[in-house]
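Here is the structure we will look at.
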2 protein chains.
Amino acid sequence: MDETAPQKGTVTQRAMEHIKAMIAEGRLEPGQRLPTERDLAAQLGLSRSSMREAIRALTVLGVLEARHGSGIYVTQLEAGDLLETFGVVADLSRGPRLVELLEVRRILESTATALAAARIGADQLAEVEKHLTAMNATDDPEEILAHDLAFHREIAAAAGNDTMAAILEGLSSRTFRARVWRGYEEEGAFDRTRREHAAIHRALVAHDPEAARAAAAAHVGEVEEWLRTQLGA
Amino acid sequence: MDETAPQKGTVTQRAMEHIKAMIAEGRLEPGQRLPTERDLAAQLGLSRSSMREAIRALTVLGVLEARHGSGIYVTQLEAGDLLETFGVVADLSRGPRLVELLEVRRILESTATALAAARIGADQLAEVEKHLTAMNATDDPEEILAHDLAFHREIAAAAGNDTMAAILEGLSSRTFRARVWRGYEEEGAFDRTRREHAAIHRALVAHDPEAARAAAAAHVGEVEEWLRTQLGA
DNA sequence: AAGCGGTAGTGGTCCGACCACTCTGCTGGC
DNA sequence: GCCAGCAGAGTGGTCGGACCACTACCGCTT
C-alpha cells in the first residue's frame, strides 16, 4: 500500500489534479467555498506556498475564484468562466496562426449566425439592431469596434450554445480585433463592413439560416483574405 | 509621473500581464530563456513567491515552460501549447454543456474532415487506414479508443489548420471521450461506429469533401443525439 | 431595532533557508 | 590526446514563518 502519494510531478501539479478531481467527482459543487489555504495545505501535506501556486493556477483557468478576506470559491464552471483563457491564445498569436484563428471563427460564426436566424426572438433582434445603428452613427473607431463586438456577441448568444459563444468571444477578443482590424479598416473598409453587417441583419430578420450563414462567412472571409494577402506580401 | 506602478489588481496579475506584454511586443521570442525567478522578481520589484505564482500560472496556460535546474523558457507558442488547457473545459463539463461541446465538435470536425478530403496525401491516408484497421482488429475498448482518437487526429492534421486540430484535440480529450462513450458503446454501438468510420474513410479516398463532411457530421451527431436523449430521460 | 466599531479570520505579500536537479568545466586515468 | 567521471555553481522546487489588507460577523451603543 502507498501511504504516501506516488510522487509524480511537482507537488503543485498534484494539488491541482487533486482539486480538479474533487470537482469532477462532485465533491466540490459550483459556488461552494473551499477550506482555507492553510487547511488545504495541511490536508494534502504540502506548504501553503505550493498550495497557493496551485490555487492561483486554477484561478487563471477560471475554475476557482479567490475573494480577498473571504475565501476561495469554485466558480459556476460555466463556459464563459472556463474559456476566458482562450483570449490569451488570440493575443499571443501572430502571422499564419492569425489566419487559422480567423478560419475557425469563420466556421463557427457562420454556423452560429445561421442558428441565430432560426431561433432569434424579437427582444434579441432589437438589441442587435441597436448596436447596428449605433455602429453606423459614429466615426470613432473605438466606438465602432465596441458596437461591432456587441453586434456579433448578441448574435452568438441568440444561437443558444453558450460554449460556442464563449469560444467566439475569445476569438474576437478586443486586442485581437484591434490588431487585425486596424490595418483592414484603414484601407477604407468601413463601408464594406457596414454593407456586410446589414446583410447579416436582413437574414436574421427574414429568419433565413442559409442566407445568414453565407453573409457571416463572407463577412469573416473578407478579413481573412485580406490578412492572407498581407502576410503573403 | 508614476515612479511606482498604478497598483491595479494583485502584483501577481501585474507580473503576468508584464510577461505577456513582453512576448506580445516581441521582446521575448519563442524558445528564448527568461531571466531567473530571482532576477525577474527584482526587476519587477516584487517577491520571488509572487513571481513564482505568475510563472506557474503562465506555465499552466502553455505560455512558459519551466525546466528544473535549467531555467524558464518561452514555449514555441504553437496552437498545441496554448490550447492544451482546452481539455480542462471538457473534463469539468457536465450535463447540457457536454451536448454543446459535442455540437461544436460536430461543426469543426465535419469541416476539418471535408478539408482533409481535398488535401490529404498518400502518406497521411496510409496512417488513417492503419488506425482504421487496427481499430477493427481488436475488442479491447481501451485500444479501440486509442486508435479512434488517432484516426480523427490524423484527419484533423491533414486538414492543414493546426489551430483547429488543437481545439479538436481538446474536445476529444481522453477522459472526455471515456466518460461519454462508455455508455454509448455499451449499447452495442461498436458496429455503427465501424460503419461510420468506414464511410469517412471512403470519402477521404475519393477526395470527396461534401461526402466527408456529411459522414463526419453524422458520426459526431449520432453520439450527440444519444447523449441528448440520455440527459432528457 | 438600527447603526457602529472592533475583532477574528481570510487571502495577499514578503523573506530567508534549504532541497533537487542541470549544466559546465575541470580533473584524472586511459 | 581523449574521454569518462566528478565536483561545483546556478537554477527551479519546496518549505515555514511573519506581516499586511481586507472581509465578515458579533456585540455594543444609541
Side-chain angles (χ1 to χ4, degrees), chain A residues 3-20 22-23 28 30-76 81, chain B residues 2-20 22-23 28-76 81:
Chain A
E3 183 62 23
T4 61
Q7 290 283 12
K8 54 180 176 183
T10 68
V11 294
T12 302
Q13 286 173 325
R14 267 183 284 160
M16 287 182 58
E17 293 302 325
H18 190 94
I19 295 177
K20 280 201 300 182
M22 286 180 71
I23 296 175
L28 284 177
Q32 187 174 337
R33 183 176 182 275
L34 276 69
T36 70
E37 295 180 345
R38 294 162 175 88
D39 289 346
L40 272 176
Q43 285 178 25
L44 300 192
L46 44 82
S47 71
R48 191 188 163 204
S49 315
S50 301
M51 178 55 75
R52 272 190 62 78
E53 289 186 20
I55 293 172
R56 174 76 69 174
L58 290 174
T59 298
V60 301
L61 288 182
V63 177
L64 300 181
E65 179 189 4
R67 301 180 202 161
H68 192 169
S70 172
I72 308 165
Y73 301 81
V74 182
T75 68
Q76 292 304 316
D81 299 325
Chain B
D2 283 345
E3 183 61 24
T4 61
Q7 289 283 13
K8 54 180 176 183
T10 68
V11 293
T12 302
Q13 286 172 326
R14 269 182 283 160
M16 286 181 59
E17 294 302 324
H18 190 94
I19 295 177
K20 280 200 301 183
M22 287 181 69
I23 295 175
L28 284 176
E29 293 292 329
Q32 187 175 338
R33 184 176 182 276
L34 275 70
T36 71
E37 295 178 344
R38 294 163 175 87
D39 289 347
L40 272 176
Q43 286 178 26
L44 300 192
L46 43 82
S47 71
R48 191 188 163 205
S49 314
S50 301
M51 178 55 76
R52 272 190 60 80
E53 289 186 20
I55 293 172
R56 172 75 68 174
L58 290 174
T59 298
V60 171
L61 290 181
V63 177
L64 301 181
E65 179 189 4
R67 301 180 203 162
H68 192 169
S70 173
I72 308 165
Y73 301 81
V74 182
T75 68
Q76 292 304 315
D81 299 324

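Reminder, nothing fancy here: chain letters follow the sequence lines and each chain counts from 1.
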Query - Contact list for residues 38-50 of chain B, test salt bridge (Lys or Arg N to Asp or Glu O under 4.0 Å), sequence neighbours left out - result: E37(B)-R48(B)
Query raised in the report: Counting just side-chain N and O atoms, does T12(A) come under 4.0 Å of either OP1 or OP2 of dT14(D)?
Result: yes
Query raised in the report: Picking from dT14(D), dG12(C), dA20(C), which would you name as closest to the side chain of T10(A)?
Result: dT14(D)
Report task. Looking only at side-chain atoms of S70(A), point me to the closest of dT10(C), dT23(D), dG12(D). Result -> dT23(D)
Report task. Would you check if V74(B) and E29(B) make a side-chain contact, meaning some heavy-atom pair closer than 4.5 Å? Result -> no
Report task. For DNA chain D, find the residues of residues 39-56 of chain B with a heavy-atom distance under 4.0 Å and give them by number; none if there aren't any. Result -> R48(B), R52(B), R56(B)
Report task. Return the set of residues passing side-chain hydrogen bond (donor to acceptor under 3.5 Å, both in side chains) with T75(B) (not counting sequence neighbours), or none when no residue passes. Result -> none
Query raised in the report: Do the charged groups of K20(B) and E17(B) touch, with an N to O distance under 4.0 Å?
Result: yes
Rounded to the nearest Å, what distance is computed from the [atom1] atom of residue [X] to the [atom2] atom of nucleotide [N]?
| X | N | atom1 | atom2 | result |
| --- | --- | --- | --- | --- |
| E65(A) | dT10(C) | CD | P | 18 Å |
| R33(A) | dG9(C) | CZ | P | 12 Å |
| E37(A) | dC22(D) | CD | C1' | 14 Å |
| H68(B) | dT22(C) | NE2 | C1' | 8 Å |
| Q13(A) | dG12(D) | CD | C1' | 13 Å |

Report task. Describe the nucleic acid contact of R67(A) in one word from base, sugar-phosphate, nothing, applying a heavy-atom distance below 4.0 Å. Result -> sugar-phosphate
Query raised in the report: What are the two closest heavy atoms between M51(A) and A15(A), and how far apart are they?
Result: CE-CB, 4.3 Å
Query raised in the report: Ignoring hydrogens and geometry, is there a side-chain-to-backbone donor-acceptor pair from R33(B) to S70(B) under 3.5 Å?
Result: yes
